[in-house]
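Here's the structure, in structure tokens; my notes come after.
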Amino acid sequence: MSASRPLQLAVALAFAGPVAAQFMPFGTGCPGSVGVPELLRAQLRGTATIQTTNLSQTGLAALLVGPQRYPSGLDLGAIGAPGCDLYVASIAALPMIVLSNQGLVGLPISSMPPCLEFYVQTAAVDFGANPLGVVMSNAASIMLDPVAEVVRHNASPTIFGDETLLDIPSINARPGALALFTGTWNGFNNWSNTALRYDELLQRWGIVNQGGAQILGPVGYHVFLPNSGATQFVVTADAGNTQFNLVRIDHPSCNGQPDAMVFANQVVNPGGGPIVYNDSPIGVYYDGSHWTVFNEDTNAMPLGASFNVVVADEHLATSQPAFVHHVTAATASGNRSRLDHPELNDNPDARIILTRRWAGQYEDQQYDTFYTNDRWHVRHHAGGLMNPGDAFNVLISESTPRRIQVVRVANAANTTGQSMRLDLPVVDGDPDARMFVTQHWSPGSEPGVYNAHPIGVFYSPSAARWYVFNEDVAPMPLGASFNVFVPNSAATTLVTQASSSNTTGNVTRIDHPGLNGRPDVLPLVTQLWNPGGISPGVYNDVPVGVWFDGTHWNVFREDQTAMPLGAAFNVLVPDERLDASSRVLRHRATAGNTTNHITRLDHPDLNGKPFLLLQVTQSWDHGVYNNHPIGVYYAGDQWRIFNQDFANMPVDASFHVLVGENCQ
């Protein structure tokens, strides 16, 4: 971080709730008497403190906060501040305390609803800067999201005998916090069996050698902190759940689930309680009804031994899903096995958590990860050969945002004719980005506005921006709102385009190995006017849906007229590469859940969660057409799908519903 940058965002990571935030700066500041403000990228969590440097000593400064932004800025030159732009349509101004040219203001993001996006910018009085006497910083968007964290820890500066202390603000002074860790090799070995231990005096967690051996080198670790909504718990060995070298995990998330992705680490004093060591390497094993934690050296499991357990299910909000790595003759070399995964290959910044998974043989060894020759590997500490047939549960998490999920509302500044500019900094300038949109009536406190027109997206090379538009070129009404979803970079997406070889009548075939022969994989589609940003595009001015014909999924026109050649569609394949916090549900309109033009969604992952941002695609699962533009809205504790033109929703109309972040 350069000291020459005059504006810094400091984060007070006093953990106060499940909410984290992604911080994305944009725009430029204007010069004041002590410098030009600039916001730096930061990761926010819990209660945030915004720090602004290079302010004059007038003591008058404020953080502007608002739900919308002016992408190009509003020029303040006409009122006496040349070169200054206002980027935030503010609804609040939070006063700053200014001392020694630095301003501080608290931002209570932990009390805000998850999945909210808003904008901030600093304004400060500076009489010597310009005739108006006001300077502006650049701005930033803040997107609240209950994400998981993975922290890189280097033991070197924090070794105290047999322990390396972790100084992670979100778990400091929290003896009830739950974490996982995996070693990452940097040239130094730590041969001991390790565990987490809480130091009541220092109020810090640490990684300890259970046999008491001193940590000798600057070994490294990846430390994983699950989001608060994740399936996470502590298992403690007692007389009722322990037999020989096994302790049973009894939890509904994984009971009877042989394919569950279970991760476990030893913790010698959960909650800061009495210390019980278990100086053995561990793994997880499914016994036919329950998952268990077992000692690899077959030593008896001591009563009181405890384990942090995380189940990588739909509630785990992290950047990538988990997968099983099977060691084969092709991947094994000496004491290591090569991990081959698109999110790991050529990615030295990936962060990995491992748990050994029983595959028929014991391995009385500790293991870690290391990166070489553009690939990550799992490695035995002590140098023993890596045996083909071994298996490891692997969880990948990266520090970058895993996906974008926001609401965009048409207003006078972003709307022209039939189109609304989306303003998504992460994909601005990227004509190959894949995105999905669904109309959302009355998000939050916004007044509901109907838009009874089929919609699509297009890319403008001249503006380097993405737009949502009405396919029938009808004017976009101000106040129309859209859920916008850009999947994580690892997700399986494609563009399918109607041609003479894949199109018959009103149907064009989707040909993808992740969908072919898979009626259980539920795709979502959004119309795309100009793939790659190449114009002219092709309009398709009727609602569309998807249909499985026995071998392939297809996109079809709901009015049963011919599909225009060249019509294109973004397609999402919701497989294991999709963000682990996202999943797709089927919904069928029935006489019991449908009234007039509305069908009600009744699902535990949806009920009572108004801050979810749903994506919906019509499906011909039950042979019923619904030739009407649709949208979603939330009322009375439940989500609903509705026809924008008030036409009756037919019984047996079917939908694929992507549920985004499980905000709670």
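Quantities reported herein were computed from a predicted structural model and do not represent experimental measurements. Only this structure's heavy atoms are used, side chains among them; waters, hydrogens and symmetry mates stay out.
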Ignoring hydrogens and geometry, is there a side-chain-to-backbone donor-acceptor pair from Gln644 to Pro629 under 3.5 Å?
no
Less than 4.5 Å apart, side chain to side chain, heavy atoms only: is that true for Leu422 and Met435?
yes
Any Pro454 side-chain heavy atom under 4.5 Å of Val542 side chain:
no
Closest heavy-atom contact between Gly59 and Val98?
CA-CB, 3.8 Å
Give a yes or no on whether the backbone of Ala635 and the side-chain of Arg640 come within a donor-acceptor separation of less than 3.5 Å.
yes
Hey, could you give me the OH/CE distance between Tyr87 and Met136, rounded to the nearest 0.5 Å?
9.5 Å
Would Asn570 and Thr526 count as a side-chain hydrogen bond (donor to acceptor under 3.5 Å, both in side chains) here? Give the steps.
CA-CA 5 Å; Asn570 286 338; Thr526 285; over 6 Å; no
Scan side-chain atoms only and decide if Gln615 and Thr438 contain a donor-acceptor pair under the 3.5 Å cut-off.
yes
Quick check on ring pair (Phe, Tyr, Trp, His ring centres under 6.0 Å): which of Trp529, Tyr467, Trp466, Phe469 does Tyr459 satisfy it with?
Trp466
Looking at Pro523, is its backbone amide N or carbonyl O close enough to the side chain of His656 to form a donor-acceptor pair, meaning the two atoms are under 3.5 Å apart?
yes
Residue pair Pro475 / Gln418, side-chain heavy-atom distance below 4.5 Å:
no
With a 4.5 Å cut-off on side-chain heavy atoms, are Leu612 and Val659 touching?
yes
Considering all heavy atoms of both residues, which atom of Pro574 and which atom of Val584 are nearest to each other, and what is their separation?
CB-CG2, 3.6 Å
Rounded to the nearest 0.5 Å, what separation is found between the CG atom of Leu55 and the CG atom of Leu60?
10.5 Å
Quick one: pull up OG in Ser460 and CZ in Arg421 and give me the separation to the nearest 0.5 Å.
10.0 Å
Asn483 side chain to Leu614 main-chain N or O, any donor-acceptor pair under 3.5 Å?
yes
Side-chain touch Leu572/Pro487, heavy atoms, less than 4.5 angstrom
yes
Evaluate whether atom CD1 of Ile97 has more than 12 neighbouring non-hydrogen atoms of other residues, nucleotides or ligands under 6.0 angstrom away.
no
Thr508 side chain reached by Phe569 side chain, heavy atoms, under 4.5 Å
yes
Would a distance-only check, ignoring hydrogens and angles, find a side-chain to backbone donor-acceptor pair under 3.5 Å from Thr617 to Val525?
yes
Looking just at side-chain N and O atoms, do Gln68 and Asn411 make a donor-acceptor pair shorter than 3.5 Å?
yes
Ring centroids only, cut at 6.0 angstrom: are Trp639 and Tyr633 within range, meaning strictly under it?
no
What pair of heavy atoms forms the shortest contact from Met96 to Thr52, and how long is it?
CE-OG1, 3.1 Å
Heavy-atom closest contact (Val538 atom, Pro564 atom, distance)
CG1-CB, 4.2 Å
Distance-only, no hydrogens or angles: does the Ser481 side chain make a donor-acceptor pair with backbone N or O of Gly479 under 3.5 Å?
yes
Pairwise distance CG(Leu528) to CZ(Phe436) - rounded to 0.5 angstrom:
9.5 Å
Pair Asn138, Glu38: side-chain N/O donor-acceptor within cut-off below 3.5 Å:
no
Geometric class of the Tyr450/Phe646 ring pair [parallel <30°, tilted 30-60°, perpendicular >60°]:
tilted
Given 3.5 Å as the limit, does a donor-acceptor pair link the side chain of Gln527 with the main chain of Asn540, or not?
yes
How about Gln439 and Asn451: does a side-chain donor come under 3.5 Å of a side-chain acceptor?
yes
Rounded to the nearest 0.5 Å, what separates atom OG in Ser137 from atom CD in Gln121?
5.0 Å
Which of these passes side chain to side chain contact (heavy atoms under 4.5 Å, CB included) with His597: Asn643, Ile641, Asp645?
Asn643
Donor-acceptor pair, His222 side chain versus Ile352 backbone, under 3.5 Å?
yes
Asn414 side chain to Ser419 backbone, donor-acceptor under 3.5 Å
no
Within the distance-only criterion (no hydrogens, no angle test), does the side chain of Thr122 pair as donor or acceptor with the backbone N or O of Ala61 below 3.5 angstrom?
no
Check this for me, if you would: do Asp423 and Arg465 make a salt bridge, where the nitrogen-to-carboxylate-oxygen distance has to be below 4.0 angstrom?
yes
Would you check if Val573 and Leu524 make a side-chain contact, meaning some heavy-atom pair closer than 4.5 Å?
no
Could you measure the distance from the OH atom of Tyr539 to the CG atom of Asp472? Nearest 0.5 Å is fine.
10.5 Å
Answer whether the closest heavy-atom distance between the side chains of Asn130 and Pro82 falls below 4.5 Å.
yes
